[in-house]
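Protein chains get the first letters and strands the later ones, always in sequence-line order, with residue 1 at the start of each.
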2 protein chains.
Amino acid sequence: MMEATYRALCANGFASLTMQDIADEADKSTSLLHYHYDTKQDLLVAFLRYLIERFEERFEDTEDEGPEERLRGFVSRMVPDDDGEDDYDRFGLAIMELRMQAPYEDAYREQLRTNEAVIRSRLADVVRDGIEEGVFREVDPDRTARLVFDALDGARSERVTVGADEAPAEVAAALDEFVFSSLLVAEGEADEGDETE
Amino acid sequence: MMEATYRALCANGFASLTMQDIADEADKSTSLLHYHYDTKQDLLVAFLRYLIERFEERFEDTEDEGPEERLRGFVSRMVPDDDGEDDYDRFGLAIMELRMQAPYEDAYREQLRTNEAVIRSRLADVVRDGIEEGVFREVDPDRTARLVFDALDGARSERVTVGADEAPAEVAAALDEFVFSSLLVAEGEADEGDETE
DNA sequence: CGTTACTGACTGACCAGTCAGTTAGTGAGC
DNA sequence: GCTCACTAACTGACTGGTCAGTCAGTAACG
């Protein structure tokens, strides 16, 4: 069911997504969807919940790597190297379409807020860990995480909307140049100085 | 007519925008809209064109300022200080909704591509000018402009979708810390010590 | 009297959600 | 081992509402 929703979103986008589209992908009737979920919104909120659960599962696997690898891993997961991933863009776009409906639909907004908070705080944790381990210099982890997340998000938005395929890679490079390079403390330097800003 | 479209977008958002909404704002009939514009898409493409013309007019006014002021001016135009601007968020959201339909509607995509290219290249020009004048260090102007634009865009998206009101200001601060501060050459320390906020 | 601006009434398509059912599985009693 | 009752999964046909776009006109203006 969730899988069918995923496929339908990739195939049709969100704005023109109908219950029929999902039903077709699942080889079921629309009536069945309404049997399990009262409204289309209910179904989609359940889908968003399903998504963030999957994200958390996948993220846990990286917890033993070093801060820098984890940071770069995060970036490269948002910037797929191979352009073969057709569904990646389609799905990313569909989710963005959905996000744009959040202000009009409380249920979406609440679930999305949760999802984004989880992602951003995982990223901030990586930065925080890096600072504690003395790999990164002292910065505001939340603010830094937000810059990284929002820049990549903006780039992705640019890519999927107007087809600026190079945008995510360019932004990743710029982040590297301006943020990550300034984040790494010089090797062999002190990992001391607990000075809260 | 364009004004009416603007008001209708603020009031209703894009996804649920009907020709009737626009007609109501203009105190005209929907038939008249179809008399001037064959389809809803045509009307909205004309509206997008109208927007970028207005942007260019307003931007020309800043051409005599210094690079740093222009850069900060650009940022602060995307991050309204006073939270009183209700329409600003509503309209920003509506445009983002529209952008998300670009992949499904060629006419939107072409016009949006033009609009975004104009904005980004104006920003890159500012960086380029700054480098030529020796105020900024040598960086890739397009890449830097993209980082700034996309980060602010991502922040705005976060704000309007899930109500993270602080996002644009946080990102602006992070840009300041990571990008702008590293952009200014130390040269002579001529007029510095300027600590805004 | 021709053109441009404008209207109200209508249509055809689409779609979420309803409803009155059918089918399949599960177990209890005999 | 068979029937009956109960329930969960599922369906097709339908409805009510919405909306872009059409069309046959009218008003205004030069």
Round to the nearest Å and state the distance from [X] atom [atom1] to [N] atom [atom2].
X	N	atom1	atom2	result
L33(B)	dG8(C)	CG	C1'	14 Å
Q20(B)	dG21(D)	CD	C1'	13 Å
F14(B)	dC19(D)	CZ	P	13 Å
L43(A)	dC15(C)	CG	C1'	15 Å
M19(A)	dA13(D)	CE	P	19 Å
K40(A)	dG17(C)	NZ	C1'	12 Å
D21(B)	dC19(D)	CG	P	7 Å
D24(B)	dT7(C)	CG	C1'	14 Å

Checklist entry - Looking at D89(B) and R156(B), does any basic side-chain N land under 4.0 Å from a carboxylate oxygen? => result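 Salt bridge absent between D89(B) and R156(B).
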Item to check | Charged N-O contact under 4.0 Å between R70(B) and D129(B) | outcome: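 Here R70(B) pairs with D129(B) in a salt bridge, since their nearest N and O are under 4.0 Å apart.
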Please work out if [X] contacts a base, only the sugar-phosphate, or nothing of the nucleic acid, heavy-atom cut-off 4.0 Å.
X	result
S31(A)	base
L17(A)	sugar-phosphate
I22(A)	nothing

Any [X] side-chain nitrogen or oxygen under 4.0 Å from OP1 or OP2 of [N]:
X	N	result
H36(B)	dT4(C)	no
S29(B)	dT7(C)	yes
H34(A)	dT11(D)	no
Y35(A)	dA9(D)	yes

Checklist entry - Where the side chain of K28(B) is defined as all heavy atoms beyond and including C-beta, which of dA16(C), dG21(D), dT7(C) is the nearest nucleotide? => result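 Ranking dA16(C), dG21(D), dT7(C) by closest atom to the K28(B) side chain puts dT7(C) first.
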Item to check | Which nucleotide in dA9(D), dA20(D), dT7(C) has an atom nearest any side-chain atom of L32(A) | outcome: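 Looking only at side-chain atoms, L32(A) lies closest to dA9(D).
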Item to check | Non-hydrogen side-chain atoms of F180(B) and V75(B) separated by less than 4.5 Å | outcome: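 Sidechains of V75(B) and F180(B): in contact.
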Item to check | D38(B) or T30(A), whichever maps to the more 5' nucleotide of DNA chain D | outcome: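 Its nucleotide being nearer the 5' end, the pick is T30(A).
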Next on the checklist: Please evaluate residues R113(A) and T161(B) with respect to the criterion side-chain hydrogen bond (donor to acceptor under 3.5 Å, both in side chains), reporting the C-alpha separation (whole Å), side-chain torsions for both, the decisive distance (0.1 Å), and the verdict.
Outcome noted: CA-CA 9 Å; R113(A) 205 200 297 265; T161(B) 55; over 6 Å; no
Checklist entry - Between R120(B) and A145(B), is there a donor-acceptor pair closer than 3.5 Å when you use the side chain of the first and the backbone of the second? => result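 No, the answer is negative, given that no donor and acceptor are paired below the 3.5 Å cut-off.
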